[in-house]
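To start, the structure under review is shown below, and the notes come after it.
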Amino acid sequence: MSKRSKLISSINSKELVLDSFFQARQTEIIEQPKEQAAKAITRQASIDSIVADLKAGKGIKETLIAYQLDNKVFVVDGFHRTEACRKYLKENPDKTLEVNVEVYRGYSKGDAYRHSHGVNRSHGTALAASEVQHNDFKARVIDGNYKGTKRGLADEFSCAETQGLHIMNALKACQTHHNAVGPFWDKHPEEAIKTLQELLIKQYGMSDKQFDKDGFPKIRPLSNAYKGIIFGNDLTDEEHENNAIKDLTRQLDYLIADNGGERFRAALKKIGCNDSAKSGYKHLGITIKKSWDEDAVAVVFNTSILPNGYGF
């Protein structure tokens, strides 16, 4: 590796490269549509404000941060400022814009990727809480830091303990594949992410929509998959129903053998969805009562949905 250094330089803004791989902002992580829309408006307002300053001759006030990789200068902090420069230059093609950039040289792509997930918190259009949580989760996986209790992670991520539990489960799921992806994080982070994604899809049957723009797993869907729930809130009703059937057949061996049926009954409550017409109960032909009475409750299995090998 070449000698590492960082130096603030005045660089022509046209030479700066914007690669979404180093963009910490990920609005698809934000679950609430209204918050997504609000962030989009705030983002555009920030860019317009910077363009107005440029037109007034004020220039870019804050120093950008970038990494020199393969003789190109990639921005990791300053996407909106760079976008504003481009918009200004498009409207004023005869102009040039020099901006102050803190350039890191001799570092790896993994270093740049790590750095990109710790920025955009204290200035510009701040990240949403869910974006910050997701980026902190990614940083932990990249660094191989999988430890933590639900309470400890809740404190660290500034979230409720229920979310802390999801983060803990997601970290454990990633830890399973650390040996396969760990060696790639430094020089080939994209390869590491691709490998991790493929392994998680193979293990849990996750869908592409349960990963972020880079192919990194989202916390809640991965936590659900780790717990044995192979579907998430972002799936259609048909996908919910099909996955409920798959999950039921996969778990029948040990559920049916459970004496007394309490675990069987408790597990069924977690399968399917809130609509009883689409739940696991319908497909198994099971009657569930509030109080458990083995002599009064009849359990009828719809054997047509079971794979070969299951019999009674």
Side-chain angles (χ1 to χ4, degrees), residues 2-30 33-128 130-132 134-135 138-139 189-190 193 212-216:
S2 58
K3 185 177 179 180
R4 293 183 171 185
S5 64
K6 61 178 180 178
L7 180 68
I8 296 180
S9 305
S10 181
I11 297 179
N12 188 328
S13 60
K14 291 181 179 180
E15 297 178 8
L16 299 176
V17 179
L18 293 180
D19 186 332
S20 63
F21 187 65
F22 300 117
Q23 169 63 287
R25 187 172 306 284
Q26 301 186 69
T27 54
E28 77 275 12
I29 296 298
I30 304 174
K34 289 184 178 180
E35 186 179 4
Q36 278 192 9
K39 286 294 180 182
I41 293 173
T42 302
R43 172 186 175 277
Q44 189 57 53
S46 175
I47 293 174
D48 292 342
S49 177
I50 297 170
V51 172
D53 285 343
L54 293 173
K55 289 179 179 179
K58 296 181 180 180
I60 300 296
K61 300 175 183 178
E62 297 181 77
T63 300
L64 282 67
I65 297 177
Y67 278 70
Q68 184 173 306
L69 305 169
D70 298 325
N71 296 318
K72 295 180 180 179
V73 181
F74 291 85
V75 174
V76 299
D77 184 13
F79 268 68
H80 291 161
R81 283 163 282 169
T82 305
E83 288 181 45
C85 288
R86 291 182 175 181
K87 183 176 181 180
Y88 172 80
L89 292 173
K90 184 177 182 180
E91 297 173 358
N92 301 274
D94 57 325
K95 302 283 187 179
T96 59
L97 274 177
E98 296 283 327
V99 294
N100 288 330
V101 184
E102 185 175 67
V103 183
Y104 287 71
R105 296 181 174 88
Y107 290 80
S108 70
K109 193 169 188 178
D111 293 323
Y113 191 63
R114 285 183 179 89
H115 196 154
S116 70
H117 289 90
V119 299
N120 283 330
R121 295 193 187 192
S122 59
H123 59 77
T125 53
L127 299 180
S130 54
E131 291 176 288
V132 173
H134 184 66
N135 288 336
K138 293 172 76 170
E190 289 165 310
I193 294 170
D212 69 9
K213 66 178 180 62
D214 301 331
F216 212 95

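The main-chain N or O of Lys72 is never found under 3.5 Å from a side-chain atom of Asp70 such that the two would form a donor-acceptor pair. In this structure, Asp19 contributes its side chain and Phe21 its backbone to a donor-acceptor pair below 3.5 Å. A donor-acceptor contact shorter than 3.5 Å is absent between the side chain of Ser49 and the backbone of Ala45.
Atom CG of Asp94 is surrounded by more than 12 heavy atoms from other residues, nucleotides or ligands within 6.0 Å. Under a cut-off of 6.0 angstrom, the local environment of NZ in Lys213 is crowded, with over 12 non-hydrogen atoms contributed by other residues, nucleotides or ligands.
A side-chain donor from one of Ser10 and Glu98 sits under 3.5 Å from a side-chain acceptor of the other. For the residue pair Gln44 and Asp48, a side-chain donor N or O sits within less than 3.5 Å of a side-chain acceptor on the partner.
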Exercise. For ring-ring contact (aromatic ring centres under 6.0 Å, His included), just list the numbers for Phe22 and His115, CA-CA rounded to whole Å, side-chain angles, deciding distance to a tenth of an Å, and then say yes or no.
Key: CA-CA 9 Å; Phe22 300 117; His115 196 154; over 10 Å; no

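Ion pairing between a basic and an acidic side chain is recognised when a charged N comes within 4.0 Å of a carboxylate O; Arg86 and Glu91 show no such pairing. Using a cutoff of 4.0 Å between basic side-chain nitrogens and carboxylate oxygens, Asp212 and Lys138 are scored as salt-bridged.
Interatomic distance, Leu18 CG to Thr82 OG1, rounded to the nearest 0.5 Å: 5.0 Å. Here the straight-line distance linking atom NE2 of His117 with atom CG of Asp214 works out to 6.0 Å at 0.5 Å rounding. With values rounded to the nearest 0.5 angstrom, Leu64 atom CG is found 10.0 Å from Phe79 atom CZ.
Taking the six-membered ring for Trp and thresholds of 30 and 60 degrees, Tyr107 and Tyr67 have ring planes more than 60 degrees apart, a perpendicular arrangement.
Within the 4.5 Å cutoff, no side-chain heavy atoms of Tyr88 are placed close to those of Cys85.
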